[in-house]
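Presented below is the structure to which this report refers.
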Amino acid sequence: MSSLKKYTGVVLGVLFAFIVQAQNMGIETYHLNSKSNNLQGKMLGEVFTLNADINYFFLYPDDWVAGSVKFVNGNKFENIRLRYQAFDDELITYNDNGGFLYVVEKEMVEWFSFQDGSKTRKFVRLTKNNNQQTSMYLEELYNRELSLLVNWYIYEQSVSPYTDRNGIKRAVEYLMRKDYYLYTEKGGITKIRLNRVALFSLFPENKKQIRKLLRKNSLHINSELSMIDALGLLSKNKLTE
Amino acid sequence: MSRALKIVFLVVSVWLGFNAGAQTTANRELVVFTDRDYCISGDTLWVKIYVPNELQQYGNIVRLQLESQTGNLIASRAVKCNNTHTEGYIAVPDSLQTGLYFVHAFFNAQRNNGLLKCIGRSVYVYNRFDERIDRLPVVENKTSVIIPESAGSQIDINLEDPDYHRRDEVKGNINTGDNEFVFMVASARIIEPFSHENTGFMNFGMKDQNVGIPEFPEKDGVLISGRLSDKETGDASTELVLLTVTGNETYFDYYYPDSTGQFHFFLPDAMGSANLILQALAEEDTLFDIELTPNFMSAVQQLKFDSTFVNPKQSEIIENTIKGTFFNKLFRGVSISHNDAFEMSNPYGIPFYGIPDNHIVPELFIDLPSFKEISRELLIGFQYRERKDQLTFRMLNYGQDRFFDAEPLRLINGIPVFKNSFFQDLKSTDIASIDLVKSERVFGDLRFTGILAVSLNDKSNSWLAQQPNLFQLKVPCIEFPKQPNYRPNAKSKTQPDTRSQFLNSVIEPAGSWPFSFQLSDVKGDLEIKVEAITKSGKLYRTSKIISVQ
């Protein structure tokens with residue numbers, strides 16, 4: 001046996017023994033270093049296995065980006081690599097020290113943000129007051145006493161069978177859609193469409209003034225930007241109370 | 001511009017710059033006020049600390065210390081401050097020798113600020129068993145002593161009567177005129193002449209006695225530091241250290257020590273006396289030692305001391321004071337009772353291993369005689385394997401539809417356990433609940449291949465003694481707020497009243513502040529004193545001394 005093989009055998013043997021030891025402890029400690037010691041608090045989550053489908057269809061943005069996560073207990077984690085898994089509405093981050101991906105414990109997250117090109121996207125976690133108290137991540141487009149939020153989601157649609165670029169036969173397509181919500185601390189979240197009727201139904205007592213204000217400012221609500229402008233105007237004229 | 005003008009301009013600029021610098025320094029010091037100039041060993045010394053706005057970036061936990069003239073840490077407290085100040089106490093040890101001691105304070109985040117400064121206080125401690133005190137140490141270098149300026153023109157202390165006798169009610173008010181004060185403390189006590197003359201505010205330059213503690217801003221929590229070493233060789237060890245804090249809710253954390261073996265944990269919202277369980281995670285045959293590092297900043301190294309004679313009159317007053325304190329304790333009891341109360345909420349709101357997939361309460365099922373039976377009957381997705389005297393546990397990995405290849409993290413009452421034999425004899429009547437987590441969980445950089453968390457009915461954790469490399473320590477965290485009781489005892493009419501302190505309150509820097517208190521049986525000079533500090537850190541004092549007959 002060559003000496004290289006001998007040394008490789010010894011190294012593998014030692015590593016195997018170490019792994020077995022660590023496994024008996026029930027704690028994996030392979031890659032710990034001084035950076036693992038975050039005195040302020042630790043991230044909580046569940047190890048995530050990335051497959052080609054998830055990587056290709058469900059994750060946003062297209063690559064891992066640096067971002068921040070703030071927990072409801074005030075702990076803030078900065079400059080961590082993350083992506084939003086829009087299909088299951090989960091935040092996935094990459095642990096540099098351990099070299100693994102994990103789903104961040106949703107109940108702990110207050111918000112997370114990341115840089116998407118030149119734009120900083122901030123997602124907040126809100127609880128929908130349905131029977132199940134569903135927690136969902138929503139992108140915050142406008143935040144004053146009234147917030148405009150958007151729920152990115154991916155849904156599955158059956159299509160005629162086709163072969164994808166990897167040569168795999170498929171009969172479904174994954175499409176991304178956005179639902180818009182208005183949020184007030186008092187009223188919780190309300191699903192809306194991007195038009196002026198949404199504002200009328202939210203503030204029926206101010207319907208006349210809102211209509212007048214939008215007309216006066218020649219504001220036609222049909223996009224995210226125009227809705228943000230409209231909310232700004234409403235806030236400025238104290239019509240959101 | 002002529003040369004002379006240039007020089008004048010330069011000198012003025014330098015002078016202005018120096019002044020501004022001096023003011024900034026003064027602004028950035030904690031200022032300690034004590035309710036007395038002396039204590040008898042076993043007494044409780046009450047302290048108020050002024051916290052300038054500029055220091056609030058360092059967190060909100062102030063470390064309060066009592067240091068001996070030889071530089072030994074006698075007592076230490078972590079107290080939480082509000083916007084302007086904090087209050088705390090130091091229980092002076094009963095066995096403390098007679099001598100000069102120093103009270104000072106700092107924020108942990110200040111520890112690496114070069115020379116850290118603090119305006120502290122010197123106090124004398126008289127050991128209650130000393131029969132005659134004829135010599136006492138004094139500070140030799142008076143440059144460290146701060147003599148407050150007179151605030152007579154800004155603060156008036158008015159009393160209703162000119163003369164007072166024992167047990168009289170003293171009534172009056174403190175009026176403040178135009179002033180720049182930001183913090184004021186009013187106090188009243190019977191003077192003990194020697195300490196009154198030889199104690200006061202002192203300018204301390206503090207030095208770090210435990211290099212390695214990080215300058216971590218303690219906000220609503222305390223930093224605990226220690227060192228892990230090999231028990232046989234004493235060398236620093238770098239094995240992973242696990243912390244469990246037991247209480248109503250169990251807190252878990254880990255630290256990977258540096259090459260010096262130092263580890264640090266931050267305990268958020270930990271109030272009272274914490275029961276820490278520290279474990280070194282390593283091979284079973286290596287034994288470790290864990291030693292906690294006191295968070296101590298020494299202030300006396302710059303000081304020089306001399307000793308001076310105590311004249312017979314002063315000695316007699318000290319002797320009477322010691323006797324008075326003895327009677328005070330006899331009839332009033334100890335003002336501060338030490339208890340083991342501890343409160344710490346779970347900072348994560350959920351267990352550190354996440355929300356369990358199964359929560360089993362064995363009480364709801366028939367009684368099972370062993371953990372083997374419990375696992376077979378009640379723990380779905382959990383394998384209990386016994387092969388050739390080897391006991392192994394395996395947890396189902398839901399996501400992958402197969403069992404993990406490694407042991408799950410096993411917890412008993414929230415404390416990690418590394419021997420499966422601990423579970424073997426557990427009956428269902430011993431167990432309050434069992435949590436199962438059937439996924440690979442992440443906590444910081446640690447990964448757990450499933451979790452088995454058993455909560456026992458018996459929370460005494462007596463089984464811990466059988467676990468190697470496990471250290472159980474009682475550690476003081478943030479002090480529960482307490483207030484001194486200067487009032488007379490309800491039964492004091494028929495009992496001797498030997499109180500010497502009557503008042504110690506923070507007062508508003510503007511307006512009139514009425515006060516009243518009842519004197520005790522102690523005769524002597526009563527001093528009603530107001531100490532104040534301006535925004536620029538200048539100390540002022542005014543006092544009224546009346547003779548109690």
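Scope of the values below: all heavy atoms of this structure, side chains included, with no hydrogens, waters or symmetry mates. Keep in mind it's a predicted model, so treat the numbers as computed, not measured. First the proteins, then the strands, lettered A, B, ... as listed; each starts at 1.
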(request) Supply the atom-to-atom distance A:Gln40 CD to B:Phe216 CZ, rounded to the nearest 0.5 angstrom. (result)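 The CD atom of A:Gln40 sits 4.0 Å away from the CZ atom of B:Phe216.
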(request) Return the option, out of A:Gly45, A:Gly74, A:Gly98, with the maximum number of heavy-atom pairs under 4.5 Å with chain B. (result) A:Gly45
(request) Find the one option among A:Phe100, A:Phe77, A:Tyr102 whose heavy-atom pairs under 4.5 Å with chain B are most numerous. (result)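 Counting heavy-atom pairs under 4.5 Å, the top option is A:Phe100.
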Report the option among [options] that has the most heavy-atom pairs separated by less than 4.5 Å from atoms of chain A.
{"options": "B:Pro347, B:Gly349, B:Gly450, B:Gly221", "value": "B:Pro347"}
{"options": "B:Phe404, B:Phe266, B:Tyr353", "value": "B:Phe266"}
{"options": "B:Ile350, B:Leu240, B:Asp258", "value": "B:Ile350"}

Measure [X] against the heavy atoms of chain B and call it side chain, backbone, both or neither at under 4.5 Å.
{"X": "A:Ser34", "value": "backbone"}
{"X": "A:Asn38", "value": "neither"}
{"X": "A:Glu105", "value": "side chain"}

Under 4.5 Å from any heavy atom of chain A, what part of [X] do you find: side chain, backbone, both or neither?
{"X": "B:Asp253", "result": "side chain"}
{"X": "B:Leu242", "result": "side chain"}
{"X": "B:Phe352", "result": "backbone"}
{"X": "B:Pro351", "result": "backbone"}
{"X": "B:Leu223", "result": "side chain"}

(message) Please evaluate residues B:Val442 and A:Glu46 with respect to the criterion side chain to side chain contact (heavy atoms under 4.5 Å, CB included), reporting the C-alpha separation (whole Å), side-chain torsions for both, the decisive distance (0.1 Å), and the verdict.
(response) CA-CA 5 Å; B:Val442 175; A:Glu46 192 178 314; 5.9 Å; no
(request) Please determine if A:Lys42 forms a cation-pi arrangement with B:Tyr348, meaning its NZ or CZ atom is less than 6.0 Å from the six-membered ring centre and no more than 45° off the ring axis. (result) no
(request) Determine the minimum heavy-atom distance between B:Pro214 and A:Leu39, stating which atoms define it. (result)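 It is CG-CD1, 4.2 Å.
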Should [X] and [Y] count as side-chain neighbours, where that means a heavy-atom distance under 4.5 Å?
{"X": "B:Gln400", "Y": "A:Thr49", "result": "yes"}
{"X": "A:Ser36", "Y": "B:Tyr255", "result": "no"}
{"X": "B:Tyr256", "Y": "A:Asn97", "result": "no"}
{"X": "B:His264", "Y": "A:Asn37", "result": "no"}
{"X": "B:Leu446", "Y": "A:Leu32", "result": "yes"}

Is it true that atom [atom1] of [X] has more than 12 heavy atoms of other residues, nucleotides or ligands lying nearer than 6.0 Å?
{"X": "B:Gln390", "atom1": "CD", "answer": "no"}
{"X": "B:Gln57", "atom1": "CD", "answer": "yes"}
{"X": "A:Lys178", "atom1": "NZ", "answer": "yes"}
{"X": "B:Asn82", "atom1": "CG", "answer": "yes"}
{"X": "B:Glu291", "atom1": "CD", "answer": "no"}
{"X": "A:Asn51", "atom1": "CG", "answer": "yes"}

(request) May I ask you to decide if A:Ile27's main-chain N or O and B:Arg447's side chain share a donor-acceptor pair within less than 3.5 Å? (result)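 No; judged by distance alone, with no hydrogens or angles, the pair does not exist.
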